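Presented below is the structure to which this report refers.
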Amino acid sequence: MPELPEVETVRNTLKNYIIGRRIDDLITPYPDIIKAKLSQFRNCILGQRFNDILRFGKYLIFVLDDYSLISHLRMEGKYFIRSSMDEITKHEHIIFKLDNDVFLSYHDVRKFGTMELVNIGQEFQVKSLKSIGKEVNDPNLDSQEIYKMIVKSNRAIKTVLLDQKIVSGLGNIYVDETLFRARINPEEVANKLNFQEVKNILKSAKSVIDKAILLGGTTIRTYQSSLGVDGRFQNELAVHTKENEPCLVCNDTIKKTKVGGRGTYFCPTCQKRKII
DNA sequence: ATCTATGCCTGGTGGC
DNA sequence: TGCCACCAGGCATAGA
């Protein structure tokens with residue numbers, strides 16, 4: 001599941017291939033990815049150039065001449081650069097033909113990903129980005145401000161950290177890793193945390209995310225290394241996917257549970273619940 | 001206002 | 001081997 005570091009890696013990789021290129025054609029084997037009428041989307045996008053790629057949280061923003069294409073990869077979305085489209089494989093849904101006869105192809109096994117076109121400058125008017133929180137690795141993140149939001153909640157801290165309205169960029173993998181490093185139990189009720197603990201969580205989150213970006217993200221479900229998602233952070237994982245393995249810190253056995261419906265890995269010794 | 005449940009999807013897995 | 005129920009999960013939306 002692409003989280004902030006994976007999306008950042010995709011952004012950096014794609015930049016080398018598509019910046020300055022014009023979209024000459026659009027092939028849409030599965031147009032439902034696009035959150036608008038296909039004919040309108042097509043009319044708008046043909047002839048536009050890719051001028052930049054931005055990212056906010058887990059959202060990719062392709063900056064065109066007159067529009068921004070907002071793309072979310074959700075669970076399994078991937079972009080490939082292809083030199084020919086003689087065969088369109090099963091999970092390729094949206095394909096942009098560029099003016100150098102190269103193709104930018106969006107691939108998504110579960111079809112959860114979305115694409116949305118907005119007028120340039122209107123990116124933060126769309127609902128999903130309108131209410132999104134600051135990025136978790138933003139050096140100017142105000143921990144007081146986040147603390148105020150967190151302690152208003154009765155939800156589990158893990159659930160709160162996955163809520164992109166509080167902070168953006170964390171997904172299931174990096175939340176588990178963050179809470180392990182901060183020594184906080186994922187089921188801890190958010191309003192039981194004190195400021196220092198919240199500060200520690202944010203500090204851990206930033207260091208986890210920064211390191212993951214440096215290593216090109218995490219590759220867990222590998223088919224083959226697809227463009228931009230063959231990271232190396234999986235070697236740094238301390239708890240996520242480590243059920244029944246010894247904790248690197250205390251040697252206790254890593255447990256797997258469910259928190260807010262999500263598979264959750266933690267060390268019962270390092271991440272004890274606070275006494276209520 | 002907050003929070004929870006459901007739907008969107010397909011491939012992989014485990015039971016029979 | 002084949003069939004099938006079930007699970008994984010980010011986010012929008014409906015409902016409590």
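Only a predicted model underlies this, so the values are computations on that prediction, with no experimental measurement involved. Only heavy atoms go into these numbers, but all of them, side chains included; no hydrogens, no water, no symmetry mates.
- Dashed line: the shortest gap from a side-chain N or O of A/K127 to OP1 or OP2 of C/dT13 is under 4.0 Å.
- In this model, the phosphate group of C/dG10 is not approached by any side-chain N or O of A/H72 to a distance below 4.0 Å at OP1 or OP2.
- Looking at the side chain of A/R155, the nearest of the listed nucleotides C/dA8, C/dG10, B/dC3 is B/dC3.
- C/dT1 is unpaired under the criterion used here, namely a Watson-Crick or G-U wobble arrangement in which both key atom distances are under 3.5 Å.
- We find that CG of A/D108 is positioned 11 Å from P of B/dC9, with the value rounded to whole Å.
- Clustering ILVMFWY residues whenever any of their side-chain heavy atoms sit less than 4.5 angstrom apart, transitively, puts A/L162 in the very cluster that holds A/L141.
- Between A/K58 and C/dC11 there is a side-chain N or O to OP1 or OP2 distance below 4.0 Å.
- Distance CG (A/L73) to C1' (B/dC9): 16 Å, rounded to an integer number of Å.
- For C/dG10, the OP1/OP2 oxygens have a side-chain nitrogen or oxygen of A/R262 closer than 4.0 Å.
- The side chain of A/K258 lies closest to C/dA8 when the candidates are C/dA8, B/dG11, C/dG9.
- Of all heavy-atom pairs between A/E177 and A/H240, the closest is OE2-N, 2.8 Å.
- When rounded to the nearest whole Å, the span between CD1 of A/I166 and C1' of B/dT2 equals 11 Å.
- Distance A/E3 CD to C/dG9 P: 11 Å, rounded to the nearest Å.
- Mapping A/N154 and A/Y30 onto DNA chain B by nearest heavy atom places A/N154 closer to the 5' end of the strand.
- Within the 6.0 Å centre-distance limit, the rings of A/F233 and A/Y174 are counted as a close aromatic pair.
- Regarding A/K158, its NZ atom lies at a distance of 10 Å from the C1' atom of C/dG9, rounded to whole Å.
- Ring-base stacking between A/F112 and C/dC11 is not satisfied when judged by a centre separation under 5.5 Å and a plane angle under 30°.
- Dashed line: the shortest gap from a side-chain N or O of A/Q164 to OP1 or OP2 of C/dG10 is not under 4.0 Å.
- Note: A/Y79 and A/F62 meet the aromatic proximity criterion, with ring centroids under 6.0 Å apart.
- Electrostatic pairing of A/R55 and A/E135 counts as a salt bridge here, judged by a charged N lying under 4.0 Å from a carboxylate O.
- In terms of phosphate contacts, A/K111 brings a side-chain nitrogen or oxygen within less than 4.0 Å of OP1 or OP2 of B/dT10.
- Counting any heavy atom pair closer than 4.0 Å across all strands shown, A/K90 reaches sugar-phosphate atoms only and no base atom.
- For A/H91 and B/dG11, the NE2 to P distance is 4 Å, given to the nearest whole Å.
- Here C/dA12 presents its P atom at 14 Å from CG of A/L162, a figure rounded to the nearest Å.
- Counting to the nearest Å, the C1' atom of B/dG12 and the CZ atom of A/R110 are 9 Å from each other.
- Note on A/S153: only backbone sugar-phosphate atoms sit closer than 4.0 angstrom, heavy atoms only; bases stay farther off.
- When heavy atoms are screened at a 4.0 angstrom cut-off, A/T114 is found touching no nucleic acid atom at all.
- At a threshold of 4.0 Å, the pair A/K58-A/E3 does not count as salt-bridged, since none of the basic side-chain nitrogens sits closer than that to a carboxylate oxygen.
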